[in-house]
Structure formats: structure tokens, C-alpha cells
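Only one structure is covered here, and it is reproduced in the block below.
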Amino acid sequence: MNVLVINCGSSSLKFQLINAKSEEVLAKGICERIGIDGRLTYQPEGGEKEKSEKAMPTHTEAIQFVIEALTNPETGVVNSLDEIGAVGHRMVHGGEKFASSVVITDEVKKAVEECNDLAPLHNPANLIGVAACENLMPNTPMVAVFDTAFHQTMPPKAYMYGLPYEYYEKYKVRRYGFHGTSHSFVSKRAAELLGKAYDETKTIVCHLGNGSSVTAVLNGKSVDTSMGLTPLEGLVMGTRCGDIDPAIMEFLAHKLDVDGVMKILNKDSGVYGLSGGLSSDFRDLTDASLAGDKKAQIAMEVFSYRVAKYIGAYVAVMNGVDDIVFTAGIGENDDIVREQVCSYLGYLGIEFNTELNKGLRGKETELSMPGSKVKVFVIPTNEELAIARETLELVRK
Ligand code: ADP
């Protein structure tokens with residue numbers, strides 16, 4: 001069965017068509033500038049990337065163009081819509097309602113809508129993507145895969161904030177965590193590499209991308225993660241500040257309005273802000289650091305230091321660790337960050353293979369020496385494949 005995986009944002013729609021049996025990506029692409037003008041980038045497996053301008057007033061037109069591209073007699077990869085057996089939708093926030101993926105029904109859509117408050121930018125866009133697909137493929141089963149679901153196993157001591165309990169009861173203010181699909185995918189693979197049963201492992205996954213989070217996975221379950229009610233908490237990220245003293249909000253609010261403060265914390269902070277606005281991209285920061293730029297060096301050091309602090313905390317909450325995994329854009333590609341993070345972890349008995357680490361990009365690798373007490377892995381994440389697998393499993397049921 002072929003599964004169409006959709007990741008829908010407010011003005012963009014990423015897609016991959018995956019053969020769920022062979023796990024081969026048949027085609028992928030993105031619709032951008034939906035509601036503005038519209039641009040489709042489409043690439044069939046082994047073929048050239050094609051870009052075209054197309055009017056996309058809404059997501060329905062975008063999906064229509066995706067289907068046309070996939071079924072195009074020359075560059076398409078399927079003959080008709082009938083060859084798309086199911087659609088898997090990435091959903092950002094499932095609140096406390098979804099602890100696993102589900103087949104989409106009217107009830108599910110209503111429940112997701114009830115979580116809109118918790119992710120006002122993402123959930124409505126995800127639902128628009130579902131509606132657009134339903135319009136064009138009314139008989140194709142669809143599955144929702146939530147970013148938050150994997151973390152629903154966190155115990156109250158990990159998810160409760162030190163706030164009055166009534167805010168949890170009334171407004172569901174608590175920690176949820178994100179990147180769950182990636183943390184789950186990567187930690188499962190890590191157990192295979194360790195040669196242990198998934199439910200007998202202590203793994204710390206560092207998903208370091210534009211948005212970054214660390215998760216403690218104990219016996220196959222997320223027991224703590226660094227993101228909170230929103231993705232702003234935790235690590236210092238590309239442009240997000242991560243953990244800060246909440247009183248900084250008031251301090252800044254005296255100088256700016258609330259929207260201004262939130263823009264600073266979400267878009268102007270992180271390594272971008274720390275580097276004096278140089279870049280949020282670690283390729284630029286690495287180049288600048290190596291050329292002697294002090295702010296870029298500090299930005300990278302702050303980033304790695306915060307990751308190491310979270311690892312230390314999660315070793316404590318799990319009473320040990322078997323392996324530490326680096327994944328996502330920075331984790332898979334940035335050897336300097338990996339080396340900086342691991343430089344704090346010698347006390348765990350990690351023997352880090354500095355030579356092997358150097359220049360290693362995007363390849364599954366064991367980065368610790370053979371005798372290392374705790375293993376270190378680079379495992380490329382693949383959220384689309386994880387969504388396709390979940391979708392297939394649920395549709396088969
Ligand atoms: P997201 O999915 O959150 O947008 P990704 O996981 O794709 O993010 O990560 C994107 C980030 O990965 C980039 O902003 C950049 O900092 C980093 N990155 C990508 N390639 C490299 C590389 N070769 N070296 C260092 N960092 C890289």
C-alpha cells in the first residue's frame with residue numbers, strides 16, 4: 001500500500017508518497033505560499049526536482065496539484081488516486097486526548113479542534129489539511145499522528161509546573177513535549193543497535209534541529225522531555241530562547257508589549273540572538289566560530305552546554321543511561337556540537353570516538369569506542385517514514 005504523508009502548515013504543505021511495504025519514497029515535495037500565490041516543488045524518486053508557480057488560494061488547490069503531480073502520466077509515480085491507500089497527517093498538538101495515533105473520524109477532528117488553544121498556529125492548519133484531503137479523497141482512510149502523543153507517558157511529577165493546580169484543571173496548563181514521532185522512531189532504532197529489548201533500555205535522545213528537544217526514554221516510554229506547554233521551553237534553539245527566568249517576561253514587557261516580548265523569545269533569541277543576529281543555522285555559526293567570531297563561539301557553547309545539562313538531569317531521573325542518541329539537522333551533521341556535548345559526559349564512562357565523529361554527516365554510526373560504558377549513536381530521524389508506518393498499522397487494523 002502507498003501512504004501519502006502530509007505535514008500541513010498555515011501556508012505550506014509538505015508531502016511524501018511512501019510505499020509502506022518497501023518503505024521506499026516514491027515522490028516528495030512541498031507547496032509553499034498557499035493563500036498568497038502558490039509554488040509547487042515536486043520530485044519523483046530518482047527524477048529531477050520540478051518547480052512550478054500555481055495559484056493556490058487554499059490548501060484544497062494545493063492538494064489538488066499534489067495529486068495531479070503524483071498521477072501525471074510522464075513524471076507521476078502512480079496511475080490513479082486508487083493507488084493511494086491511506087493518508088497520514090502529522091498533527092502538532094493532541095493535548096491529553098491522544099496518547100497514540102488514531103484513524104481520523106468526525107469525533108477525532110472535534111477533539112483536535114478542542115486542542116487549538118494549545119497550538120493556535122499549528123492545529124488549525126493541520127485540520128485544514130485533513131479537510132482538503134477529505135474533499136478530494138473522500139473514501140481514503142486517514143490517520144492522525146501527533147507530535148505530543150509519545151510523551152503522554154510522562155508522570156505528573158515530570159509534566160506538572162510549579163503553578164497553582166487550578167490552572168492545570170481549568171486550562172490544562174502542563175508540559176506536553178513535542179517531536180514525539182522522532183523521539184519514538186530514533187529510540188526504537190537505538191534499542192536495535194544496542195541489541196536490547198526496547199522495553200529494557202534507558203535512552204536519551206537529543207533531537208537537535210531548528211527546534212530542539214531532549215527526551216528521556218525509559219523502557220520504551222518517554223518519562224521526561226525538555227519542551228513544555230509549547231515548544232519554547234528547554235534547549236536554546238535556532239531562534240527560541242528555551243528555559244529562562246519567567247521574570248524576564250515582566251522585565252521586557254516594561255520595555256515592549258506582550259506580542260513584542262513573545263516575538264523576541266520565539267524568533268529573535270536562541271543561537272540567532274546570541275550570535276548577534278548572525279544566523280540560526282549551525283553551518284554559518286560553525287564557519288564564523290572557526291574564523292574567530294566570539295559571539296558565534298559563545299552561541300554554540302551555550303547550545304551544547306544546555307544539551308549536556310539536560311542529559312545530566314535525565315541520567316539522574318532514569319538512574320542511569322545505556323545510550324545517548326543525536327538526531328535531526330544539527331545532531332546528524334554538526335560534529336563540533338556533538339563533541340562539545342560529549343566533552344561533559346566523561347563521568348558517565350563515555351569514551352567518545354573523536355576521529356570517527358570528525359566530518360560525520362547524516363549517517364547512522366556508533367560514535368563511542370567499543371568498550372564505552374555508555375554508547376553514543378548518530379541515528380538519522382525520519383518522521384515521514386514513522387508516520388507512514390503508524391498509518392499502515394492503523395489502517396490494517
Ligand atoms: P527543522 O526540521 O526543525 O526545521 P532540521 O532538523 O532540518 O530542522 O535542522 C535544521 C538545522 O540543521 C539547520 O538550521 C542547521 O542549523 C542544521 N544543519 C543542517 N545541516 C548541517 C550541517 N551540515 N552542519 C551543521 N548543521 C547543519
Side-chain angles (χ1 to χ4, degrees), residues 5-16 28-30 32 41 90-92 119 121-122 125-126 145 147-148 177-186 205-215 225-227 230-242 266-275 277-291 293 295-297 299-304 306-307 325-342 357-365 367 378-387:
V5 176
I6 300 280
N7 181 352
C8 204
S10 56
S11 69
S12 73
L13 185 156
K14 287 189 207 145
F15 64 93
Q16 282 195 9
K28 62 183 174 184
I30 181 168
E32 294 169 284
T41 306
R90 178 191 178 219
M91 299 287 207
V92 169
L121 294 180
H122 293 102
N126 297 159
V145 180
D147 257 23
T148 48
F178 298 86
H179 296 139
T181 312
S182 174
H183 286 296
S184 159
F185 178 85
V186 166
V205 180
C206 308
H207 176 110
L208 310 179
N210 226 339
S212 297
S213 64
V214 183
T215 296
T225 191
S226 59
M227 283 178 168
T230 75
L232 190 53
E233 189 179 339
L235 300 179
V236 173
M237 308 181 210
T239 62
R240 298 189 193 121
C241 60
N266 274 301
K267 305 232 152 102
D268 301 339
S269 296
V271 290
Y272 170 80
L274 279 165
S275 65
L278 178 77
S279 178
S280 62
D281 192 308
F282 274 69
R283 284 164 286 205
D284 302 332
L285 295 173
T286 301
D287 290 347
S289 287
L290 294 174
D293 185 308
K295 286 182 191 161
Q297 287 168 1
M300 290 184 74
E301 281 168 16
V302 170
F303 179 88
S304 301
R306 181 74 59 88
V307 175
V325 187
F326 289 96
T327 194
I330 300 161
E332 290 166 29
N333 295 302
D334 198 307
D335 48 353
I336 298 180
V337 167
R338 289 189 303 246
E339 188 175 344
Q340 282 178 346
V341 171
C342 290
N357 179 54
K358 238 174 235 153
L360 182 88
R361 300 204 201 294
K363 199 167 137 235
E364 187 175 282
T365 310
L367 273 188
V378 170
I379 302 179
T381 193
N382 191 337
E383 286 164 289
E384 289 78 14
L385 177 58
I387 292 172

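We count ligands from 1, going down the list as the structure has it; atoms in each ligand are counted the same way. Here the structure is a predicted model, which is why all the values come from computation and not from measurement.
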Validation row: H183, S213 side chains within 4.5 angstrom (heavy atoms): yes

Partners meeting side chain to side chain donor-acceptor pair (under 3.5 Å) with S182 (sequence neighbours left out): H207, T381

Contact check, side chains of T286 and D335, non-hydrogen atoms, under 4.5 Å: no

N210 (side chain) donor-acceptor with M237 (main chain) under 3.5 angstrom: no

Results of ring-ring contact (aromatic ring centres under 6.0 Å, His included) for F185 - residues two or more places apart only: none

Residues which pass ring-ring contact (aromatic ring centres under 6.0 Å, His included) with F282, listed by chain and number, not counting sequence neighbours: F303

Every residue of the protein that comes under 4.0 Å of ligand 1, judged on heavy atoms: G209, N210, G211, S280, D281, F282, R283, A328, G329, I330, N333, D334, R361

